[in-house]
Amino acid sequence: MTTEQPYPAAPARHSRTTTRPGPHRPPQQEPPRRRANWPGGLAVVLGLAALGVAFLPDWGFLAWPVAGVGLAAGIAGIVLSSKGAMRGLGVALTGTALSALAAVLCGTMLLYPSMFGTARAGELHIPPQPGEKHSVDFVVTSAGGATVRYGTLNDQRTASTPPSTDDWHGHASYNGGTPILSLTADTANAGVTNQISCQILVDGKKVAESSGSSIALCTANVD
């Protein structure tokens with residue numbers, strides 16, 4: 001009886017996988033996040049504020065500096081957004097447009113106040129206009145007659161008063177602001193001593209008074 005001898009087991013072969021080194025790639029970095037365009041947002045706020053202030057009779061003049069700052073902020077926002085430092089180009093463009101519109105509106109209202117139903121602050125109207133807040137009465141007394149100049153320092157009317165003991169009246173009105181009222185009366189005949197007196201009344205209240213032998217001068221800064 002023949003017994004078969006087992007063959008020794010073949011040694012295990014360890015497989016070795018060879019990996020070829022590939023090109024080195026640096027880790028991908030996320031682009032830096034751009035900041036919000038706060039100058040553009042500021043321009044939007046200031047532009048809207050200037051548009052609202054422009055229609056206020058006594059405060060409309062503030063719309064000019066507000067619109068100017070808004071316009072500068074909007075332009076800065078556009079420049080920063082174009083350079084990639086900030087996002088939100090549309091916001092900056094909107095703020096610039098609103099501020100520019102407010103500046104144009106202020107200029108139009110200053111040149112043509114009647115188009116908007118408003119009066120320039122401190123503008124005196126001779127003769128008076130109906131519906132305005134304040135009335136002005138320029139009063140002159142001159143027994144020998146006088147030449148009268150009345151209004152504001154930069155806008156005056158001229159009139160002549162006949163010799164009389166009665167008061168001469170010049171009427172005006174204004175809607176707001178602080179006009180500087182002026183009234184001058186001097187004698188029509190320089191060779192004759194003539195007692196002259198002047199008064200300025202605003203809403204019936206005396207704000208200035210003066211008298212002289214040949215000339216009288218009244219001024220008042222009112223609000």
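Any value given below was found using the heavy atoms of this structure, including those in side chains, with hydrogens, waters and symmetry copies removed.
- Looking at Ser182 and Gln156, their side chains come closer than 4.5 Å, going by heavy atoms from C-beta outward.
- For the pair Ala102 and Leu51, the tightest heavy-atom approach, listed with the atom from each and the gap, is CA-CD2, 3.5 Å.
- The shortest distance between side-chain heavy atoms of Leu201 and Val207 does not fall below 4.5 Å.
- For the pair Gly151 and Ile126, the tightest heavy-atom approach, listed with the atom from each and the gap, is CA-CD1, 3.9 Å.
- Within the 4.5 Å cutoff, side-chain heavy atoms of Thr94 are placed close to those of Leu98.
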Evaluate the criterion side-chain contact (heavy atoms from CB on, under 4.5 Å) for residue pair Arg87 and Ser81; output intermediate values, then yes/no. CA-CA 5 Å; Arg87 63 180 185 271; Ser81 181; 5.9 Å; no
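- Between Leu93 and Ile78, some side-chain heavy-atom pair lies under the 4.5 Å cut-off.
- Between Val44 and Val91, some side-chain heavy-atom pair lies under the 4.5 Å cut-off.
- Salt-bridge annotation for Arg149 and Asp186: present, with a side-chain N of the basic residue lying under 4.0 Å from a carboxylate O of the acidic one.
- Ring planes of Tyr150 and Phe138: tilted class, angle from 30 to 60°.
- Between Ala208 and Ala220 the shortest heavy-atom distance is CB-CB, 4.1 Å.
- With hydrogens and angles disregarded, a donor-acceptor distance shorter than 3.5 Å links the side chain of Asp203 to the backbone of Ser135.
- One N or O on the side chain of Asn175 and one on the backbone of Lys133 form a donor-acceptor pair closer than 3.5 Å.
- In this structure, the side chains of Val140 and Val148 come closer than 4.5 Å at one or more pairs of heavy atoms.
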Take Thr161 and Thr147, measure what side-chain contact (heavy atoms from CB on, under 4.5 Å) needs, and give me the verdict at the end. CA-CA 6 Å; Thr161 65; Thr147 300; over 6 Å; no
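- A distance-only check finds no donor-acceptor pair linking the side chain of Asn37 to the backbone of Ala92 [under 3.5 Å].
- Residues Trp168 and Thr141 fail the side-chain proximity criterion, which asks for heavy atoms closer than 4.5 Å.
- The two atoms that bring Leu124 and Val136 nearest to each other are CD1-CG2, 4.0 Å, heavy atoms only.
- When atom types are taken as modelled, the side chain of Ser210 and the backbone of Ala216 share no donor-acceptor pair closer than 3.5 angstrom.
- Between Leu217 and Leu183, every side-chain heavy-atom pair lies at or beyond the 4.5 Å cut-off.
- In this structure, Ser173 and Glu132 approach most closely via the heavy-atom pair OG-OE1, 2.6 Å.
- Nearest heavy atoms, Pro39 versus Leu80: CG-CD1, 4.3 Å.
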